[in-house]
There are 2 protein chains.
Amino acid sequence: MEGLPLRGDLFDPDCPTRVVLDRIGDKWTVLVVSALSTGTLRFTELRARVGGVAPKVLTQTLRALERDGILIRTIYAQVPPRVEYQLTDLGRSLAQPIAAIQDWAEGHVGAVLAARNSYDSSVA
Amino acid sequence: MEGLPLRGDLFDPDCPTRVVLDRIGDKWTVLVVSALSTGTLRFTELRARVGGVAPKVLTQTLRALERDGILIRTIYAQVPPRVEYQLTDLGRSLAQPIAAIQDWAEGHVGAVLAARNSYDSSVA
DNA sequence: GTCATCAGTAACCGCTGGTTACCGTCATCA
DNA sequence: TGATGACGGTAACCAGCGGTTACTGATGAC
């Protein structure tokens, strides 16, 4: 019955930890953070790097991540405009577990797709 | 399929790795896998454990995870019905990176919420 | 008779993720 | 003097899906 828990309980729907999970649970977040983990990128570079993302969605994702202190958005008063995105320390700390997820995903695609095929053919 | 690595490229939108990411990128998946990582659970137990999940959504999540070979669904011909869910080896391997995410989320709620407040008050 | 248990479905609905189109500004090129 | 293109986005629009509240069916307990 602590007042304000330093560590949240993910299983409590009212715990703010959930909102953090919602951030992470966005597929674009994973890709963006992963892309930025190697260094600063501009909007268009991110767009190219993260294949298939629509500009609006990328903007939303970046704004949300900026709001959450995961990355910093730097605007240079130039024409054409120049906007750079880079991870904060917080963002870099997030990049590690995200890399683990990414690693798992890339490493187990085969197994998952196999399970999926097997499941689909058995249910049919 | 064989045990060949078959590493995908997450940044390619046409790579099947993306579908795996979509699975993981579901917030309920994280919670369900995490809940099951400590042992077998029944539907109602899962529902109670994962606070705030609607039955339909839980069913969808569980079916998807079953299809992907992350967990196994065992039905006992009883009345009232008894259905148990447990992680497969694949699921247990996923539980590790997921635990890392969960850990990060629980450990950095404060920082994220602080960043959020700061952002919101500066933008206004 | 009727209540509760369990594991879900049925029907509905609003939001939001996603799409394409378009914007202003300035340098460059014909 | 247009015309064009780069850049970093917004505007308007829409389908789908996540989420909600009912409701089901079989059985044992009361």
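Within every chain, numbering begins at 1; the chains are lettered A, B, ... in the order of the sequence lines, protein sequences first and strands thereafter.
A donor-acceptor contact shorter than 3.5 Å links the side chain of B:Thr88 to the backbone of B:Gly69. Panel note: side chain A:Thr59, backbone A:Pro55; a donor-acceptor pair is recorded below 3.5 Å.
The nearest whole Å value for the distance from the NZ atom in A:Lys27 to the C1' atom in D:dC17 is 13 Å. One atom, CZ of B:Phe43, and another, C1' of C:dA7, lie 6 Å apart when rounded to the nearest Å. A straight line from CG of B:Leu58 to C1' of D:dG19 spans 13 Å, rounded to a whole angstrom. At whole-Å resolution of the value, CD in B:Glu84 and P in C:dC6 are 13 Å apart. Separating the CG atom of A:Leu41 from the P atom of D:dG9 is a distance of 13 Å, rounded to the nearest angstrom. Atom CZ in B:Arg63 sits about 12 Å away from atom P in C:dA7, given to the nearest Å. The separation between B:Gln60 atom CD and C:dT9 atom P is 10 Å, rounded to whole Å. Between the CG atom of B:Leu62 and the C1' atom of C:dA7 there is a distance of 11 Å, given to the nearest Å.
The shortest distance between the side-chain N/O atoms of A:Trp28 and the OP1/OP2 oxygens of C:dG17 is not below 4.0 Å. Considering only side-chain N and O atoms, A:Arg82 lies nowhere under 4.0 angstrom from the phosphate OP1 or OP2 of D:dC7.
With a 4.5 Å cut-off on side-chain heavy atoms, B:Val20 and A:His108 do not count as touching. Side-chain contact between B:Ile75 and B:Pro81 is absent, with no heavy-atom pair separated by less than 4.5 Å. Using a 4.5 Å heavy-atom cutoff, the side chains of B:Leu36 and B:Leu46 are in contact. With contacts defined as side-chain heavy-atom distances shorter than 4.5 Å, the pair B:Arg63/A:Tyr119 qualifies.
Under the Watson-Crick or G-U wobble criterion, with both distances below 3.5 Å, D:dC30 is paired with C:dG1. Base pairing of C:dG17: its partner is D:dC14, meeting the Watson-Crick or G-U wobble criterion (both donor-acceptor distances under 3.5 Å).
For the pair A:Asp26 and A:Pro80, nearest-nucleotide mapping onto DNA chain C gives the more 5' position to A:Asp26. A residue-by-residue look at B:Thr44 and B:Lys56 shows that B:Thr44 has its nearest nucleotide of DNA chain C further toward the 5' end.
The side chain of B:Arg42 lies closest to C:dA7, out of D:dG8, C:dG8, C:dA7. Comparing atom distances between the A:Pro81 side chain and each of C:dA21, D:dG8, C:dG8 picks out D:dG8 as nearest. Distances were taken from every side-chain heavy atom of B:Val57 (C-beta onward) to each of C:dT9, D:dG8, D:dT20; the shortest belongs to D:dT20.
Using a 4.0 Å heavy-atom criterion, one finds that B:Tyr85 contacts the sugar-phosphate atoms exclusively. As judged by a 4.0 angstrom heavy-atom cut-off over every strand, A:Arg47 is placed among residues making no nucleic acid contact.
Tested against B:Val32, the residues B:Ile70, B:Leu62, B:Asp26 include a single side-chain contact (heavy atoms from CB on, under 4.5 Å) partner, B:Leu62.
Contact record, A:Ser37 with A:Ala95: CB-CB, 4.0 Å, taken as the closest heavy-atom pair.
At a non-hydrogen distance threshold of 4.0 Å, nothing from residues 64-71 of chain B comes into contact with DNA chain D.
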